[in-house]
Number of protein chains: 2
Amino acid sequence: MTSEGVLASLRLEAGATKHAETSTWVAAQLRQLIADGQLAPGAKLPEEALREALGVSRNTLREAFATLHAERVVVRFPNRGVFVAHPTADDIREIYRVRRFVEPASLLWSPSGPTEDLAEIVREARGAAEAGDVPAMANANQEFHRALVARAGSERLDSLMKQILAEMRLVFASMASDPRFHAPYVEDNARIVELLEAGRAADAAELMADYLGRAERQLLAACKVPGYLGSRPR
Amino acid sequence: MTSEGVLASLRLEAGATKHAETSTWVAAQLRQLIADGQLAPGAKLPEEALREALGVSRNTLREAFATLHAERVVVRFPNRGVFVAHPTADDIREIYRVRRFVEPASLLWSPSGPTEDLAEIVREARGAAEAGDVPAMANANQEFHRALVARAGSERLDSLMKQILAEMRLVFASMASDPRFHAPYVEDNARIVELLEAGRAADAAELMADYLGRAERQLLAACKVPGYLGSRPR
DNA sequence: TTGCGACGAATTGTTCAACAAAACGCACCC
DNA sequence: GGGTGCGTTTTGTTGAACAATTCGTCGCAA
């Protein structure tokens with residue numbers, strides 16, 4: 001995926017769209033490209049090339065950069081430019097620090113509503129696992145955690161979680177992804193739903209905390225192996 | 001506090017400062033003015049006037065707006081402009097929804113470190129209360145919650161809490177602030193520190209959840225009285 | 001008086017062109 | 001081979017322009 005290809009596809013899409021609030025639209029486009037992995041972690045986002053590809057002015061593009069920067073999707077080095085965020089080991093620790101607070105809290109203290117949506121996501125993940133469809137399984141796992149936090153009913157926690165999961169995707173994009181990574185967690189998720197349905201929220205929260213600890217250790221270990229793309233760009 | 005006065009003081013400060021990254025600096029200035037209550041909730045932020053007062057270009061100002069918008073300090077109505085955020089009753093409910101997750105979680109699951117800083121803040125709050133210094137007491141109370149969440153050691157939760165407290169200041173700025181509002185909570189904070197020191201984190205978390213519920217109800221009730229500034233501008 | 005539509009003024013959304021300052025790349029020299 | 005200096009590129013910021021939208025206000029009719 002040469003950056004040339006990315007720019008070309010952007011050019012295509014840009015022509016076809018009417019934009020009401022351009023900078024918002026631009027931010028969404030870039031967010032999408034990054035989430036899809038078409039713009040890899042650490043990649044530079046040069047103003048001139050993107051401006052041309054998106055067919056917007058540099059000012060509008062820079063406004064979009066400001067939003068993405070606030071979302072931590074993108075990092076800014078003064079006078080050097082904007083880069084796709086590239087999580088370090090410390091970032092991983094930070095991510096899991098947050099998750100170990102938010103996710104068990106959500107299990108414990110969310111208004112106890114129906115768990116059918118969670119069960120459905122688990123079924124999807126199992127299906128994908130059996131079909132050997134790793135991306136679908138990874139997606140379903142992410143969706144599971146998103147749905148879990150959504151139970152809290154807080155817009156702000158939702159968007160925090162969305163950001164965190166976006167950063168998780170960057171983490172996965174940064175390392176040679178072992179297909180077997182996501183598999184064990186499908187069953188953990190299933191168990192969590194069971195506990196929740198049985199009214200054993202405290203046990204579910206404990207399992208979740210444990211599970212997150214395991215995942216963190218696994219990712220940190222993977223950081224140290226050669227497969228992990230070096231630290232900062234340059 | 002005429003908006004004229006605000007602009008004049010901005011003009012003064014603008015001249016004296018060297019700005020390395022101007023848009024960041026502009027965002028910080030505005031954030032400060034809003035936090036201080038010099039720009040009231042619902043106030044319009046006209047581009048031309050601010051541009052002139054800050055001595056920056058409209059583009060730079062708009063980039064700062066993008067940052068503040070992402071922080072929810074400021075609201076954008078397309079083609080109408082940017083306004084200081086003006087929390088509604090729903091926003092208050094949302095704020096406390098988040099706080100009831102984050103703060104008890106922080107009490108329960110933060111690495112158990114020294115509580116000396118918390119105790120110190122409680123002493124400050126008591127001092128301010130005795131001196132009848134309401135703003136200082138309100139500040140100390142806010143600082144207490146900030147310090148509590150800081151124990152989690154997560155940069156992201158820190159900034160979430162910082163945003164939440166900023167929005168709380170907007171809530172207080174929106175209503176005729178009863179000086180007696182903050183007082184009872186000083187002693188609750190003290191009790192929480194005691195429980196924490198005694199290793200009774202679960203009790204502390206429970207007290208906190210209860211306390212937050214009380215505060216929310218009180219604020220929601222205050223919303224309904226005439227003192228509260230109407231809903232959205234226009 | 002009150003309500004309503006229209007017109008002109010002000011403001012926003014977006015683009016373009018320019019320039020200083022900083023970082024980058026590269027040939028050059030020790 | 002490893003620093004050094006210089007021209008080139010990119011970023012940070014400004015200023016001006018213009019279409020689109022909203023705002024304010026005036027006049028008119030019920």
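From a predicted model like this one, the values you see are computed outputs, not experimental measurements. Naming convention: chains lettered A, B, ... in sequence-line order (proteins, then strands); numbering from 1 in each chain.
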Could you tell me whether the phosphate oxygens of dG13(C), OP1 or OP2, come under 4.0 Å of any side-chain nitrogen or oxygen in T60(A)? no
Rounded to whole Å, the CZ-C1' distance (R76(B) to dT22(D)) equals 16 Å
Between atom CG in L50(B) and atom P in dT14(D), what is the gap in whole Å? 14 Å
Write down the distance between CD (E48(A)) and P (dG12(D)), rounded to a whole number of angstrom. 14 Å
Decide if the gap between the ring center of F181(B) and the ring center of F172(B) is smaller than 6.0 angstrom. yes
Whole-Å distance, F83(B) CZ to dT12(C) C1', equals 11 Å
Identify, between L61(A) and P78(A), the residue whose nearest nucleotide on DNA chain C lies closer to the 5' end. L61(A)
My understanding is that only residues two or more places apart in sequence, or in another chain, count here; which of them pass ring pair (Phe, Tyr, Trp, His ring centres under 6.0 Å) with H145(B)? Y211(B)
Between H86(B) and V75(B), is any pair of side-chain heavy atoms under 4.5 Å apart? no
Output yes when at least one side-chain N/O atom of K44(B) is less than 4.0 Å from OP1 or OP2 of dT12(C), else no. yes
On DNA chain C, does the nearest nucleotide to E47(B) precede the nearest nucleotide to N59(A) from the 5' side, or the other way round? Give the residue. E47(B)
dT11(D) OP1/OP2 closer than 4.0 Å to side-chain N/O of R62(A): no
So which atom in V84(B) and which in V74(B) form the shortest heavy-atom distance, rounded to 0.1 Å? CA-CG2, 4.3 Å
Output the rounded distance in Å from CD (E52(A)) to C1' (dT15(C)). 15 Å
Flag for E143(B)-N139(B): side-chain donor and acceptor within less than 3.5 Å: no
From E94(A) atom CD to I164(A) atom CD1, the distance as rounded to the nearest 0.5 Å: 7.0 Å
How close or far is atom P of dT13(D) from atom CZ of R51(B), stated in whole angstroms? 16 Å
Is the phosphate of dC23(D) approached by R80(B) (side-chain N or O, under 4.0 Å from OP1 or OP2)? yes
Is there any protein nitrogen or oxygen under 3.5 Å from a nitrogen or oxygen in nucleotides 17-20 of chain D, and what are the pairs?
from: dA17(D); atom 1: N6; to: R58(B); atom 2: NH1; distance (Å): 3.2

Side chain of T22(A), heavy atoms from C-beta onward: which of dC24(C), dT14(C), dG12(D) has the nearest atom to it? dT14(C)
Within this structure, what is the CD-to-P distance between E63(B) and dG13(C), rounded to whole angstrom? 15 Å
Answer yes or no: is there a side-chain heavy-atom contact under 4.5 Å between Y96(B) and R217(B)? no
Can you confirm whether E48(B) sits close enough to P46(B) that some side-chain heavy atom of one is under 4.5 Å from a side-chain heavy atom of the other? no
For A125(A) and M137(A), work out which heavy atoms get closest and say how close. O-CG, 4.1 Å
Show the distances under 3.5 angstrom between N or O atoms of the protein and N or O atoms of nucleotides 4-9 of chain D.
none

